[in-house]
Asker: 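Have a look at the structure that comes next, please.
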Amino acid sequence: MELKSREFIDSAKKLLDVDKKTIVVVHQRLQHPLTEQFRKKSSLLISLDLANREKVNEILLDRLLLE
């Protein structure tokens with residue numbers, strides 16, 4: 001997320017109220033009230049690293065198929 005634009009922040013905030021599955025990518029060190037809201041609301045939080053970055057598609061698909 002590039003949280004420098006007020007319009008983008010306002011649009012991203014609307015995702016918090018959507019009743020649909022949403023994938024949001026946030027840098028782990030980004031500190032912003034909006035990113036904290038996404039982290040608290042998330043049902044799945046994946047910390048990407050060199051060991052699992054090639055498997056993220058599989059992780060997400062498995063999770064979606066279970067629900």
Side-chain angles (χ1 to χ4, degrees):
M1 290 181 162
E2 205 39 65
L3 296 173
K4 298 182 192 263
S5 160
R6 174 53 45 200
E7 290 96 12
F8 180 80
I9 292 170
D10 292 342
S11 294
K13 277 184 184 179
K14 292 177 184 174
L15 289 174
L16 291 165
D17 297 325
V18 172
D19 192 30
K20 293 184 180 186
K21 292 178 182 10
T22 307
I23 297 173
V24 178
V25 178
V26 179
H27 192 282
Q28 67 184 5
R29 289 180 286 195
L30 181 61
Q31 299 297 316
H32 188 281
L34 183 57
T35 61
E36 295 307 315
Q37 289 178 313
F38 277 110
R39 286 183 178 105
K40 288 177 185 174
K41 186 177 178 182
S42 71
S43 61
L44 174 64
L45 188 61
I46 303 171
S47 294
L48 290 182
D49 56 31
L50 292 175
N52 71 2
R53 70 179 182 182
E54 299 297 326
K55 300 176 189 173
V56 72
N57 290 344
E58 183 179 328
I59 294 168
L60 290 171
L61 274 174
D62 288 347
R63 179 62 183 247
L64 287 171
L65 292 174
L66 288 175
E67 293 181 2

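Everything numeric in this text was worked out from a predicted model, so none of it was measured.
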Asker: Flag the pair S43 / R63 as yes when at least one side-chain heavy-atom distance between them is below 4.5 Å, and no otherwise.
Answerer: yes
Asker: Which residue is it: V24, D17, T22, L16? I am looking for the one with a side chain to side chain contact (heavy atoms under 4.5 Å, CB included) to K41.
Answerer: L16
Asker: Specify the closest pair of heavy atoms between R39 and V26, including all atoms of both residues, with the distance to one decimal.
Answerer: NH2-CG1, 3.4 Å
Asker: Using the rule given for side chain to side chain contact (heavy atoms under 4.5 Å, CB included), can you reason through L15 versus F38, listing the C-alpha separation, both sets of side-chain angles and the distance that settles it, and then say yes or no?
Answerer: CA-CA 9 Å; L15 289 174; F38 277 110; 4.0 Å; yes
Asker: Run the salt-bridge test on D10 and R6 with the 4.0 Å N-O cut-off and return the result as yes or no.
Answerer: yes
Asker: Output side-chain donor-acceptor pairs under 3.5 Å for residues 46-59, partner residues at least two apart or in another chain, one line each.
Answerer:
{"from": "D49", "atom 1": "OD1", "to": "A51", "atom 2": "N", "distance (Å)": "3.0"}
{"from": "D49", "atom 1": "OD1", "to": "N52", "atom 2": "N", "distance (Å)": "2.9"}
{"from": "N52", "atom 1": "OD1", "to": "D49", "atom 2": "N", "distance (Å)": "2.8"}
{"from": "N52", "atom 1": "ND2", "to": "S47", "atom 2": "O", "distance (Å)": "3.1"}

Asker: Verify the neighbour count for atom CD1 of I23: are there more than 12 heavy atoms of other residues, nucleotides or ligands below 6.0 Å?
Answerer: no
Asker: Within this structure, what is the CG-CD distance for the pair L45 and Q28, rounded to the nearest 0.5 Å?
Answerer: 10.0 Å
Asker: Any side-chain to backbone donor/acceptor pair from S11 onto E7? Under 3.5 Å, distance only.
Answerer: yes
Asker: Can you name the closest pair of heavy atoms from E36 and L30 and give their distance?
Answerer: OE2-O, 4.3 Å
Asker: I need the K21 NZ to L44 CG distance, nearest 0.5 Å.
Answerer: 11.0 Å
Asker: Considering all heavy atoms of both residues, which atom of I9 and which atom of H32 are nearest to each other, and what is their separation?
Answerer: CD1-NE2, 4.0 Å
